[in-house]
Asks: 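One structure, as structure tokens, below. Some questions next.
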Amino acid sequence: MALSDSEKKKAHRNRSGSVAEAISPSDSTDLDLTGSNLYIGTGGDLKVDTIDGQTITLKNIPSGTMMNWIKVKRIYSRGTTASDIVSIY
């Protein structure tokens, strides 16, 4: 059962880690909830916008990496080779 936007926002505010959502990288659309932790299932490069507006490509992220040290608002499809990306909030 999919969660409503208000349920996602509540989980995000509480930082409970109880909600996970598969991410589809996009060159034009920000994530539904910015600042969540990311899990990289299949490693590669990850081009992102941080919540402060910086665009950066993180190179060679290994498979199985939990990224709780950077907060992003967009994951680009061009420039991203990593896949199976999950947002956890």
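Numbering starts at 1 and runs along the sequence shown. Here the structure is a predicted model, which means the values were calculated and not measured.
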Asks: Return the set of residues passing salt bridge (Lys or Arg N to Asp or Glu O under 4.0 Å) with Asp84 (not counting sequence neighbours), or none when no residue passes.
Replies: none
Asks: Under a single-linkage rule joining Ile, Leu, Val, Met, Phe, Trp and Tyr whose side-chain heavy atoms are separated by less than 4.5 Å, which residues share a cluster with Ile56?
Replies: Ile23, Leu31, Leu38, Ile40, Leu46, Val48, Leu58, Ile61, Met67, Trp69, Ile70, Val72, Ile75, Ile85
Asks: Would you tell me whether Ser87 and Ser36 have side-chain atoms, one donor and one acceptor, within less than 3.5 Å of each other?
Replies: yes
Asks: Could you please spell out the steps behind the side-chain contact (heavy atoms from CB on, under 4.5 Å) verdict for Lys47 and Thr55?
Replies: CA-CA 7 Å; Lys47 182 179 178 184; Thr55 301; 3.7 Å; yes
Asks: Is Asp30 salt-bridged to Lys73, going by a charged N under 4.0 Å from an acidic O?
Replies: no
Asks: Please check if the side chain of Ser77 supplies one atom and the backbone of Ser26 the other of a donor-acceptor pair under 3.5 Å.
Replies: no
Asks: Is a side-chain donor or acceptor of Arg78 paired with a backbone partner of Asp27 at a separation under 3.5 angstrom?
Replies: no
Asks: Got a donor-acceptor contact below 3.5 angstrom from the Asp45 side chain to the Thr80 backbone?
Replies: no
Asks: Measuring only between side-chain heavy atoms, which start at C-beta, is Thr57 closer than 4.5 Å to Tyr76?
Replies: no
Asks: Which pair of heavy atoms, one from Ser63 and one from Gly43, lies closest together, and at what distance?
Replies: OG-N, 2.8 Å
Asks: Once rounded to the nearest 0.5 Å, what's the spacing between atom CD1 of Ile88 and atom CD of Glu21?
Replies: 11.5 Å
